[in-house]
Amino acid sequence: MTYKRNRVLSIFLLIAVIALSVLTFTACTNYKANKVSGIDSGAPVEGNGTQVVRKGKYIYFANGFTDKLDSGTWGKVVKGGLYRAEVDKNGMLIKGTQKQLVSTIVWSGNSKNGMYIQDDWLYFASPNRDRDGNGTQSKTDLDFWRVKLDGSALQKIYTADDRKAEFIVKKTHLVFVSKKKMYSVDLTALPKKGNVMQIKASVKKRAKVLESDVVDHLWNDNSDYIYYMVRRSTDKDHANAIESITYKGTDHKVVVPKDAYLSEEEKKEKEKHKDKLFGFRLMYWKNEEGRDTIMYKKSYQNATQKTTTMMCSNILLSNGGLDIKNEKQIFTSEVEPLNVYYLGHDKGALVYERNKTYWYHDNKAEVFVDKKIKVVKEDKTNLYYFRQDSNADLTALSYDRSKEDEGIFATERQILKGLNLRFNDVRSVIFGNTIYYYNSKDSDYLYCADMSKSDNKPEKVSIAEDTKDKNKKK
């Protein structure tokens with residue numbers, strides 16, 4: 001009897017030790033948000049999908065760029081963490097109002113990702129650094145979170161198995177693509193208040209895979225539809241079909257079949273018409289003057305076994321469709337361009353090649369700028385972009401496009417010079433007269449500058465990490 005009791009006691013103690021170990025590894029992660037006063041609830045949102053998002057008199061921003069996703073622990077992160085600050089009516093920082101909202105890295109392994117505000121919640125992704133029962137830290141997963149704009153609640157939504165997963169947040173759903181699978185997570189299963197530290201079973205139950213074998217996709221903050229392409233292991237040729245589906249997983253359709261460009265007679269002998277069987281790549285989605293348009297690449301293998309690339313634009317239909325009769329060819333090339341900016345269905349695109357940026361439209365090319373550029377924003381009369389000079393400094397300019405209907409771009413006019421913008425990995429945003437950008441010459445911290453002033457005195461927005469204290473701890 002004594003032996004049996006001791007054995008039962010030993011098993012009980014072993015279970016307790018294992019449970020305590022798991023709790024210890026879980027508890028060491030200090031999941032929390034910092035409360036801040038004030039939410040500008042009724043204000044419009046600007047910059048959704050970037051790392052600097054504005055809602056009324058507040059901006060929410062990543063406090064500096066970092067690609068060191070395994071550095072720091074939750075609760076101790078400064079650089080790369082989530083901060084809030086107050087701004088004036090022109091979008092300019094009000095000094096001394098910066099406050100930390102969440103102390104974790106809000107960058108992922110995908111430069112297309114940003115943050116989203118829906119209602120009074122801010123949604124972000126953060127690299128998962130939890131430890132398992134053996135104490136091994138995760139280096140592959142990506143967590144999706146939401147925080148109340150005043151920091152009163154923090155909720156874990158879901159975890160993707162790839163830090164490069166790309167995501168978008170709609171009013172009621174989180175959609176992301178991870179390892180060729182497109183997922184949709186119903187956010188209405190989350191409580192409207194209170195903290196959630198573990199993924200809720202109700203959320204898991206209402207999450208679903210919209211599609212598998214996804215090789216390309218295109219979505220937009222203002223539409224219910226997602227356009228995408230799949231490639232199955234059974235596919236033998238390079239051709240793709242373009243499909244669409246809503247973010248809730250309804251109204252799936254094939255909008256451009258593989259043989260869409262073939263006549264009925266040509267469909268009988270497809271092998272003889274490979275120049276009309278295209279592989280697609282979805283590139284840009286643009287909201288322009290009451291309609292949505294996209295730019296995509298069509299390619300086929302020509303007679304010399306080289307790939308011919310055609311950049312085209314088209315008008316998206318309100319029902320999630322696409323009619324190839326509305327297709328407009330922008331340009332054709334045997335070399336795929338590396339840097340392209342889509343101006344619009346009737347305006348063409350800016351393309352960087354042969355050390356110059358060209359304006360392509362109606363299969364014509366004109367020199368636009370003799371350098372590489374990065375477009376930040378455009379409105380009815382201006383195109384704002386950074387110009388990369390030979391010394392790697394970047395200059396912000398504005399381009400008057402009021403005469404472009406005549407096929408003429410106006411003379412460029414310089415706005416600000418030498419902002420030292422980080423050219424890759426991040427996007428700059430403009431709110432009113434203020435531009436926000438990450439400064440490559442100051443540890444990639446966030447800065448802002450008033451575009452209406454010519455004195456060029458950028459303000460540092462980020463709160464710098466105290467490297468002295470960090471070194472002392474080491």
Side-chain angles (χ1 to χ4, degrees), residues 18-37 39 51 53 60-64 66 68-84 98-109 113-163 165 167 169 174 176 178 185-204 207 463 465 470 473:
I18 293 171
L20 182 62
S21 299
V22 172
L23 285 172
T24 302
F25 286 122
T26 303
C28 69
T29 304
N30 188 23
Y31 295 134
K32 70 174 185 177
N34 300 311
K35 291 184 179 180
V36 294
S37 60
I39 296 178
Q51 293 299 136
V53 185
Y60 301 81
F61 60 94
N63 187 50
T66 181
K68 295 178 174 61
L69 303 182
D70 294 311
S71 64
T73 56
W74 194 300
K76 297 180 181 180
V77 171
V78 175
K79 186 178 181 183
L82 176 58
Y83 279 66
R84 190 197 78 170
Q98 301 97 316
K99 294 180 180 179
Q100 188 182 71
L101 193 58
V102 182
S103 179
T104 189
I105 293 172
V106 291
W107 296 91
S108 67
N113 286 339
M115 301 182 293
Y116 293 85
I117 293 177
Q118 297 288 0
D119 296 324
D120 290 337
W121 292 92
L122 183 142
Y123 296 80
F124 65 92
S126 181
N128 181 299
R129 297 189 297 281
D130 290 347
R131 296 181 183 275
D132 61 19
N134 296 318
T136 305
Q137 181 175 293
S138 170
K139 292 188 177 183
T140 57
D141 294 350
L142 185 69
D143 289 334
F144 299 109
W145 295 84
R146 72 176 187 175
V147 62
K148 206 77 172 178
L149 294 181
D150 61 359
S152 60
L154 175 69
Q155 298 181 351
K156 190 173 187 177
I157 304 169
Y158 211 79
T159 298
D161 57 356
D162 183 7
R163 286 187 179 174
F167 75 99
V169 179
L174 160 73
F176 67 92
S178 178
V185 182
D186 190 343
L187 301 173
T188 61
L190 288 164
K192 294 182 179 179
K193 58 183 180 179
N195 294 328
V196 176
M197 297 296 101
Q198 300 294 329
I199 301 171
K200 294 183 74 64
S202 58
V203 174
K204 287 182 180 179
I463 302 299
E465 213 167 23
K470 210 173 183 182
K473 289 176 184 178

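All values reported here derive from a predicted model rather than from experimental measurement.
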Novice: Contact between Asn128 and Ser126 at the side-chain level, heavy atoms closer than 4.5 Å - yes or no?
Specialist: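 No - every pair of side-chain heavy atoms lies 4.5 Å or more apart.
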
Novice: Check Arg163 with Asp70, please: is the shortest side-chain N to carboxylate O separation under 4.0 Å?
Specialist: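 Here Asp70 pairs with Arg163 in a salt bridge, since their nearest N and O are under 4.0 Å apart.
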
Novice: About how many Å separate CG of Asn63 and CG of Leu101, when rounded to the nearest 0.5 Å?
Specialist: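 Atom-to-atom, Leu101:CG and Asn63:CG are 12.0 Å apart.
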
Novice: How far does CG of Leu122 sit from CG of Asp120, to the nearest 0.5 angstrom?
Specialist: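 It is 11.0 Å, given to the nearest 0.5 Å.
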
Novice: Judged by modelled atom types alone, do Gln155 and Arg146 share a side-chain donor-acceptor pair under 3.5 Å?
Specialist: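 Note: Gln155 and Arg146 side chains meet the donor-acceptor criterion.
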
Novice: Which is it for Tyr158 and Val203 under the side-chain contact (heavy atoms from CB on, under 4.5 Å) test, yes or no, and what are the steps along the way?
Specialist: CA-CA 8 Å; Tyr158 211 79; Val203 174; 4.3 Å; yes

Novice: Say you draw a straight line from CG of Asp186 to CG of Leu174; how long is it, rounded to the nearest 0.5 Å?
Specialist: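 Output value for this atom pair is 10.5 Å.
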
Novice: Of all the heavy-atom pairs spanning Gly151 and Ala33, show the shortest one and how long it is.
Specialist: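 Scanning both residues completely, I find the closest heavy atoms to be O-CB, 3.8 Å.
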
Novice: Give a yes-or-no answer on whether the side chains of Asp161 and Ser178 include a donor-acceptor pair shorter than 3.5 Å.
Specialist: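 The criterion, which ignores hydrogens and geometry beyond distance, is satisfied for Ser178 and Asp161.
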
Novice: Is Asp143 salt-bridged to Lys156, going by a charged N under 4.0 Å from an acidic O?
Specialist: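 So Asp143 pairs with Lys156 through a salt bridge.
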
Novice: Closest approach of Leu142 and Pro127, non-hydrogen atoms and distance?
Specialist: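 Smallest heavy-atom distance, with atoms named: CD1-N, 3.9 Å.
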
Novice: To the closest 0.5 Å, what do you measure between CZ (Phe124) and CD1 (Ile105)?
Specialist: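 If I round to the nearest 0.5 Å, the distance is 11.5 Å.
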
Novice: Considering non-hydrogen atoms only, spot the tightest contact between Ile157 and Ile199 and give its length.
Specialist: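 Looking at all heavy atoms of both residues, the closest pair is O-CG2, 3.4 Å.
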
Novice: Backbone N or O of Val77 within a donor-acceptor pair of the Ser103 side chain at under 3.5 Å?
Specialist: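 Confirmed, Ser103 side chain pairs with Val77 backbone.
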
Novice: Any side-chain donor paired with an acceptor under 3.5 Å for Gln100 and Tyr83?
Specialist: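 Side-chain D/A pair, Gln100 to Tyr83: present.
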
Novice: Gly64 and Trp107: which non-hydrogen atoms are nearest, and at how many Å?
Specialist: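 What the structure gives for the nearest pair is O-NE1, 2.9 Å.
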
Novice: Indicate the atoms forming the closest heavy-atom contact of Ala62 with Val106, along with that distance.
Specialist: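 Closest approach of Ala62 to Val106: CB-CG2, 3.7 Å.
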
Novice: Would Asn113 and Ser108 count as having a side-chain donor-acceptor pair, cut-off 3.5 Å?
Specialist: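 Yes, Ser108 and Asn113 have a side-chain donor paired with an acceptor closer than 3.5 Å.
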
Novice: Among Asn34, Leu154, Asn195, find the residue that satisfies the side chain to side chain contact (heavy atoms under 4.5 Å, CB included) test when tested with Val147.
Specialist: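 Among Asn34, Leu154, Asn195, the one that satisfies the side chain to side chain contact (heavy atoms under 4.5 Å, CB included) with Val147 is Leu154.
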
Novice: Minimum heavy-atom separation for Gly80 and Thr66, please, with both atom names.
Specialist: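 Result for this residue pair: CA-CG2, 4.1 Å.
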
Novice: I need the single residue from Tyr116, Trp121, Phe167, Tyr123 that forms a ring pair (Phe, Tyr, Trp, His ring centres under 6.0 Å) with Phe144. Which is it?
Specialist: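 Of the listed options, the one satisfying the test is Phe167.
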
Novice: Do Gln98 and Phe61 come within less than 4.5 Å of each other through their side chains, counting heavy atoms only?
Specialist: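 Result yes, sub-4.5 Å side-chain heavy-atom pair found.
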
Novice: Could you grab the distance from atom NZ of Lys204 to atom OG1 of Thr159, nearest 0.5 Å is fine?
Specialist: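 It is 8.5 Å, given to the nearest 0.5 Å.
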
Novice: Between Met115 and Gln51, does a side-chain contact (heavy atoms from CB on, under 4.5 Å) hold up when you go through it step by step?
Specialist: CA-CA 6 Å; Met115 301 182 293; Gln51 293 299 136; 4.2 Å; yes

Novice: Which residues pass the side chain to side chain donor-acceptor pair (under 3.5 Å) test with Asp150, not counting sequence neighbours?
Specialist: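 Per chain and number, Asp150 pairs via side chain to side chain donor-acceptor pair (under 3.5 Å) with Ser152.
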
Novice: Would you give the length of the straight line joining atom NZ of Lys192 to atom NZ of Lys148, rounded to the nearest 0.5 angstrom?
Specialist: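 Spacing of NZ (Lys192) from NZ (Lys148) equals 9.5 Å.
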
